[in-house]
Amino acid sequence: YQGCFSIFMEVKVELSLLEKEKEVDGLSPNGKASPFADCRPNGALGHGSDEDSTPLRLYHKPRDYVEASICHVKDLENGQMREVDLGSGRALLIKEHGEFSAMGHKCPHYGAPLVKGVLSKGHVRCPWHGACFNIATGDIEDFPGLDSLPTFQVRVEKDKVIIRSQKRSKPMARCSAVINSSTGFSHVLIIGSGPAGLVCAETLRQEGFTDRIVMCTMDKHPPYDRPKLSKVCTETLSTKLRQYRIYQECCITECRDVKTRSVTFDDGLRMEYRKLFIATGSKPKPMNYKGKDVRNVFHLRTPEDANSIARLANNKNAVIVGTSFVGMEVAAALTDKAHSVSVIGIESVPFKKALGEKVGKAIMKCMTLPFCFSVLKLKEVVLKSGKVLRADVCVIGAGSVPATSFLKQSGVHMDSKGFITVNKMMQTNVDGVFAGGDVVMFPFPQRSNKKVNIPHWQMAHVHGRVAALSMMGRATEIKTVPYFWSAMFGKSIRYAGYGDGFDDVIIQGDLDELRFVAFYTRSEEVVAVASMNYDPIVSRVAEVLGSGKTIKKRDVETGDISWLIDKGSQ
């Protein structure tokens with residue numbers, strides 16, 4: 001978009017893949033129902049201003065195309081997918097209900113081959129991280145990720161399937177407001193540049209909103225892929241989600257008067273708004289220790305942090321404080337760089353609360369790190385036992401708290417832990433003020449609308465979209481299934497559902513070989529699933545849960561989960 005954000009950010013979108021993966025040919029069979037079956041496609045247009053004034057303006061790029069004969073109509077059965085070569089690239093060919101369709105073959109999030117995913121009633125779900133794409137429009141309809149997929153025209157001629165290849169330019173609304181950096185007014189003000197804020201802004205533009213949007217952030221970087229920081233931890237890490245030109249770096253706002261719909265920045269600038277979206281995310285949990293001001297102790301938050309950790313750990317001694325997913329991912333990423341890596345925690349098994357003791361122990365087996373479970377204080381790291389760990393670099397990953405202290409006197413309701421409470425449209429108790437991402441407690445349909453906090457990267461995307469649609473008077477409810485992933489020591493853990501309060505774990509597969517699926521049950525119902533080397537089982541379960549169906553404990557206790565596994569997948 002051009003002129004989309006003013007004062008602090010002006011946005012220009014460039015589509016790119018964050019990682020390249022090896023291309024694989026193959027077939028993929030049937031799936032279950034999509035959780036977004038009744039959602040509007042992202043390209044639907046409208047106007048989100050409080051006044052009807054400027055007509056919607058769209059811009060497109062020219063479309064050039066080539067045609068290629070791909071296969072015979074009988075080469076694919078219903079419910080199958082195949083990667084095909086178009087000469088100038090590849091596409092995913094799909095046959096469902098006797099009809100052919102074709103779209104991009106790789107998930108635009110991290111480049112996963114969608115042929116290995118789950119086809120389900122007009123949608124394909126990514127096998128790696130659960131993003132969902134409409135096979136007719138290519139629109140992204142479940143997250144993570146920002147970009148939709150190109151689609152291709154398909155026709156059958158003399159029993160041959162022919163694909164017309166062309167570039168897709170998604171309609172985007174231009175900003176009709178006059179851009180002036182001194183103007184103290186915004187139709188929509190977004191606080192925070194993480195995935196919730198970014199998706200909120202993009203959804204507004206995709207849905208035809210032409211008025212002024214301002215995004216403010218404490219980060220000096222445009223929105224970036226924060227989960228990659230801990231999983232890769234390299235000095236050459238590229239994490240940008242979009243290409244931006246930054247006009248001005250600003251400090252966090254103080255939300256002084258929600259009644260008059262205004263915020264005040266640390267530099268004294270006051271800005272009025274019609275709609276406010278708060279998506280400030282989380283911040284590291286405070287710890288008391290000596291040496292807070294030393295240069296080799298980090299809370300991993302920014303690309304600079306990741307670069308410094310990688311540089312200082314090179315052939316040196318690294319100490320990780322905390323066995324959170326972030327802490328363990330950093331430890332794993334440093335094992336082939338550092339001379340030694342030590343992990344300090346207070347639990348005997350990492351991930352015990354989230355994944356259960358059996359899965360936590362299985363993951364520990366692939367780790368050759370020294371574990372010291374105690375409490376620390378710092379110059380070197382000294383444990384309660386008296387053991388001293390040399391620390392050339394120390395990374396603290398001991399959890400986080402919501403970054404909402406600036407709202408204490410605002411009138412926006414927060415619970416005792418600082419989480420903002422919102423309704424199913426992501427609206428706070430204050431009219432015109434919305435919130436999303438790590439900072440919110442929101443009603444979760446899979447738990448009878450009990451208010452929960454789910455600090456997943458994917459959920460923040462969903463919150464941003466729901467909030468944007470709500471601002472435009474197109475209220476939609478959250479129908480997604482939470483999806484989380486982690487990568488350590490060359491192994492990927494995938495997780496879907498909401499397992500808080502699980503009372504049993506049913507394991508299928510082989511924990512020792514790290515090829516397993518774990519079903520988390522609450523009473524007699526499966527509420528979540530995790531897996532390693534068992535793709536696309538987690539995406540399959542996400543489809544089942546997203547369709548509103550229930551998986552019973554007895555269904556997975558028998559050991560026969562063939563009804564969940566893709567028959568004939570490559």
For I478 and P445, which heavy atoms make the closest approach, and how far apart are they?
-> O-CG, 3.3 Å
Between the side chains of D392 and N317, is a donor N or O closer than 3.5 angstrom to an acceptor N or O?
-> yes
Do R205 and I213 come within less than 4.5 Å of each other through their side chains, counting heavy atoms only?
-> yes
Taking atom types as modelled, is there a side-chain donor on S486 or E329 under 3.5 Å from an acceptor on the other?
-> yes
Sequence neighbours left out, what passes ring pair (Phe, Tyr, Trp, His ring centres under 6.0 Å) with Y498? Give chain and number order.
-> F444
Does F484 have R494 sitting over its ring (NZ/CZ under 6.0 Å from centre, angle to axis within 45°)?
-> no
State, with a plain yes or no, whether a side-chain heavy atom of V439 is found less than 4.5 Å away from one of F419.
-> no
Are H456 and W485 an aromatic pair by the rule of ring centers under 6.0 Å?
-> no
Please name the pair of heavy atoms, one in Y273 and one in L276, separated by the smallest distance, quoted to 0.1 Å.
-> CE1-CB, 3.5 Å
Is the distance between the ring centroids of Y110 and H129 less than 6.0 Å?
-> yes
May I ask you to check whether over 12 heavy atoms, not counting those of R390, lie within 6.0 Å of atom CZ?
-> no
T302: what forms a side-chain hydrogen bond (donor to acceptor under 3.5 Å, both in side chains) with it, not counting sequence neighbours?
-> E304, D305
Under the ring pair (Phe, Tyr, Trp, His ring centres under 6.0 Å) test, which residues partner F502, sequence neighbours left out?
-> Y520
Is the centre of the F143 ring less than 6.0 Å from the centre of the Y483 ring?
-> no
